[in-house]
Every structure is written in C-alpha cells, then in structure tokens.
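Every heavy atom of this structure was used, including side-chain atoms; hydrogens, water molecules and symmetry mates were not.
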Amino acid sequence: MDTNTTNYLNKVPEVTLTFWLIKMMSTTVGETAADFLIFNLHLGLKITSSLMGILLITTLLIQVRATRYAPWKYWLAVVLVSIFGTLVTDNLTDQVGVPLAVSTSVFTVVLLGTFWVWYAQEKTLSIRSIDTRKRELFYWAAILVTFALGTAAGDWVSEGMNMGYMNATLLFGSLIAATMIAHYKFNINTVLAFWIVYVLTRPLGASIGDWLSQSEKHGGLGVGVTSTSIAFFTCIIILVIYQSLPSRMPKHK
C-alpha cells in the first residue's frame, strides 16, 4: 500500500461509540442551527442556504485536499453537511412546495442511485476503503444525500404524520437498535448495517433537536434552538478534542 493510500484511509475516522455520538449530535446541531440562523438571526432561508453552501464547499475542499485524517476538518465538514442538508429539504418544502413524502421518496432514490454508481465503479461501499479521491467524493456525496433524506424523513414522520417529536425519536431510536441487533445477532452485512444506521441517525438527531428546542405548544420541551445548539455543539467540540489527542489518533506505519 502506497503512502497516498494510507493517508486517504486515515482521513476517515474509525466507527466507534464516539463516532456515533458526534454523528448524532451533529444532526441535532444541523436541525437547530439552521433554525437559529433563519429565525433567530433573521437571515432568512435563502441567505442562510447561500452562506452555508459557501462554507460547506470551502470546508469540503479543505477536507478533500488534506493528506491525512484531522478530526476538526472531518467533523466540521459533517456539521456543515448536516446544516446544508437540512436547508435543502427546507427549501424544497417551503420554497418549492414539495411534499415531505415526495422529497423523502426522491432522496431515497437518489441515495440508492449514488450507492449503485459508487459500487458499480468501485466494487465496494465500505468506509474502510476510502483510499482514492474518487471514492472520497462518492463518500461525501452519499453523506450529503443521507442528511437531506434524514431531514425529509424525520419531518415527514414527526410533522406530516402527526406522530410528534418524542414518538419520532422513539421510532428512529428503535429502528437503529433493531439494525444493531440484526448485525450483531443475525450477522447482516456490516456495510449495509452501517449505512442504514447512518441514515437513521439523521432523523433521530433532528427529532431530538426539535423535541428539545420547540415550544411545548408545538410538542417540544421549550429549551429553545439557541440553548440546544450551544449544548450539542459544545459536546461535539469536547469529543473532537478527545479524538485529536495523540493517543487517539491513527498510528502511521
């Protein structure tokens, strides 16, 4: 294995409990931060979308051009993908008038199409095989679609189906638990299990974010988007710093 391949492999974090905690909280931040920028700072949906799009492109360029895994670069990209994915769905729903059921279905097809093209060309969807720039681009494209899909699915279940934020949280949490049981007890494919959970953590995080931030009148706990965003973003920073400790970083041969 050449040095370039090793460096690419080191740019994707190991799938650990810390990985899933940061991933879940980044989805919550994506939901609440988007609302904070749109409503609390009064930037509006269009300006917020444009600003986050520019920041996302800049961050992804930094991530893709990096020579090895750096936790802050990787997770900053994930947080911005989360925010932008939320805004994509919000624009389709609020600006274009696309029903959540339709956007959920469309994003599902787009994600499956992304996986199909990725697998057809690379013969793997494993995140342990992100060892070329082409695979890394497929990886980030899939992640962006999973966040947009998760936002649409979460809003469709909690709001469109009138299930409520707490019940939606329990539903998506149960689906994740069922997937983990299927993987560890019944040996379903590891890559399949990973991507199922990766998709489901988006609506789970969004539902948790809405449940915490929305007013009691709208089925939430009334914590507010500002407090929720700050609390989860602080937790993400702490965990990313923990991942950045020399003892936690990948060893290079």
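Cluster annotation: Ile143 and Trp116 are assigned to the same hydrophobic cluster (Ile/Leu/Val/Met/Phe/Trp/Tyr, side-chain heavy-atom contacts under 4.5 Å, transitive). Hydrophobic clustering, with ILVMFWY side chains joined whenever heavy atoms are under 4.5 angstrom apart, groups Val110 together with Tyr139. Hydrophobic clustering, with ILVMFWY side chains joined whenever heavy atoms are under 4.5 angstrom apart, keeps Ile54 apart from Ile62. Connection of Phe39 to Phe232 is established within a shared hydrophobic cluster, with ILVMFWY side chains joined at heavy-atom distances below 4.5 Å, either directly or through further cluster members. Hydrophobic clustering (ILVMFWY, side-chain heavy atoms < 4.5 Å, transitive): Trp72 and Ile238 are in distinct clusters.
For the pair Ser229 (side chain) and Val29 (backbone), a donor-acceptor distance under 3.5 Å is absent. No donor-acceptor pair closer than 3.5 Å links the side chain of Ser244 to the backbone N or O of Pro71. A donor-acceptor pair under 3.5 Å is absent between the side-chain atoms of Ser227 and the main chain of Gly224, judged by distance alone. One N or O on the side chain of His183 and one on the backbone of Ile188 form a donor-acceptor pair closer than 3.5 Å.
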Take Glu14 and Arg128, measure what salt bridge (charged side-chain N to carboxylate O under 4.0 Å, His left out) needs, and give me the verdict at the end. CA-CA 8 Å; Glu14 289 294 319; Arg128 293 182 178 275; 3.3 Å; yes

Between Trp140 and Leu144, is a side chain to side chain contact (heavy atoms under 4.5 Å, CB included) present by the stated rule, with each step listed? CA-CA 6 Å; Trp140 285 108; Leu144 177 58; over 6 Å; no

Under the criterion side-chain hydrogen bond (donor to acceptor under 3.5 Å, both in side chains), I'd like the reasoning laid out for Arg202 against Thr151: C-alpha separation, chi angles, the key distance, then a yes or no. CA-CA 7 Å; Arg202 178 63 184 93; Thr151 301; 2.8 Å; yes

Assess the residue pair Met180 and Lys185 against the criterion (side chain to side chain contact (heavy atoms under 4.5 Å, CB included)); give the C-alpha distance rounded to whole Å, side-chain angles, the decisive distance to 0.1 Å, and a yes or no. CA-CA 8 Å; Met180 293 176 64; Lys185 295 295 184 181; over 6 Å; no

Derivation of the side chain to side chain contact (heavy atoms under 4.5 Å, CB included) call for Ile196 and Leu175: CA-CA 9 Å; Ile196 289 174; Leu175 290 174; over 6 Å; no

Given the rule in the side chain to side chain contact (heavy atoms under 4.5 Å, CB included) test, do Asp35 and Asp210 qualify, once you have shown the distances and angles that lead to the verdict? CA-CA 10 Å; Asp35 289 343; Asp210 284 333; 4.2 Å; yes

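Between Tyr165 and Glu159, some side-chain heavy-atom pair lies under the 4.5 Å cut-off. Proximity of Leu204 to Thr28: side-chain heavy atoms (C-beta onward) are nowhere separated by under 4.5 Å. Looking only at side-chain heavy atoms (C-beta outward), Gln214 and Val223 stay at 4.5 Å or farther from each other. Put simply, the side chain of Cys235 reaches to within 4.5 Å of the side chain of Met25, judged on heavy atoms. Inter-residue side-chain proximity for Pro99 and Val102 is flagged as met; some heavy-atom pair is nearer than 4.5 Å. For the pair Asn91 and Val96, the minimum side-chain heavy-atom distance is 4.5 Å or more. Here the side chains of Ser105 and Thr108 are not in contact, with every heavy-atom distance at 4.5 Å or above. Counting heavy atoms from C-beta on, the side chains of Phe138 and Val117 come closer than 4.5 Å.
Atom OG of Ser174 is separated from atom CD1 of Ile181 by 9.5 Å, given to the nearest 0.5 angstrom. Rounded to the nearest 0.5 angstrom, Asn167 CG and Asn162 CG are separated by 11.0 Å. Rounding to the nearest 0.5 angstrom, the gap separating the OG atom in Ser103 from the CG atom in Leu100 is 5.0 Å. Annotation: the span from Ile22 atom CD1 to Thr16 atom OG1 amounts to 7.5 Å, rounded to 0.5 Å. Here Ile236 contributes atom CD1 and Leu21 contributes atom CG; the two are 10.5 Å apart, rounded to the nearest 0.5 Å. Rounded to the nearest 0.5 Å, atoms CE (Met166) and CG (Leu212) are 12.5 Å apart.
Between Asp131 and the choices Arg133, Lys134, Arg135, the salt bridge (Lys or Arg N to Asp or Glu O under 4.0 Å) rule is met once, by Arg135. With Thr59 as the fixed residue, the side chain to side chain contact (heavy atoms under 4.5 Å, CB included) test singles out one of Leu76, Val81, Val79: Leu76.
The minimum heavy-atom distance linking Thr32 with Val225 is given by the pair O-CB, 3.8 Å. When all heavy atoms of Ala193 and Thr179 are compared, the pair lying nearest together is O-CG2, 3.9 Å. Taking every heavy atom of both residues into account, Ser158 and Gly154 meet most closely at OG-O, 2.8 Å. Across all non-hydrogen atoms, the minimal contact from Val12 to Ile127 is CG1-O, 3.9 Å. Summarising the geometry of Leu111 relative to Ala142, their closest heavy-atom pair is CD1-O, 3.8 Å, with the distance given to 0.1 Å. For the residue pair Ser82 and Thr27, the shortest heavy atom distance occurs at OG-CA, 3.4 Å.
Side-chain rings of Phe115 and Tyr119 stay apart, their centers remaining 6.0 Å or farther from each other.
Between Trp195 and Trp118, the ring planes lie perpendicular to each other; the angle is over 60°, past the 30° to 60° tilted range.
Other residues, nucleotides and ligands place more than 12 heavy atoms under 6.0 Å from the CE atom of Met161. Surrounding CZ of Phe19 are more than 12 heavy atoms belonging to other residues, nucleotides or ligands, all under 6.0 Å away. More than 12 non-hydrogen atoms from other residues, nucleotides or ligands lie less than 6.0 angstrom from CH2 of Trp20.
With Phe147 as the aromatic partner, Lys23 meets the cation-pi criteria of under 6.0 angstrom to the ring centre and within 45 degrees of the ring axis.
Among residues two or more places apart in sequence or in another chain, the side chain to side chain contact (heavy atoms under 4.5 Å, CB included) test is passed with Ile38 by Leu45, Thr48, Leu87.
Side chain to side chain, Gln243 and Trp75 meet the donor-acceptor criterion of an N or O pair below 3.5 Å.
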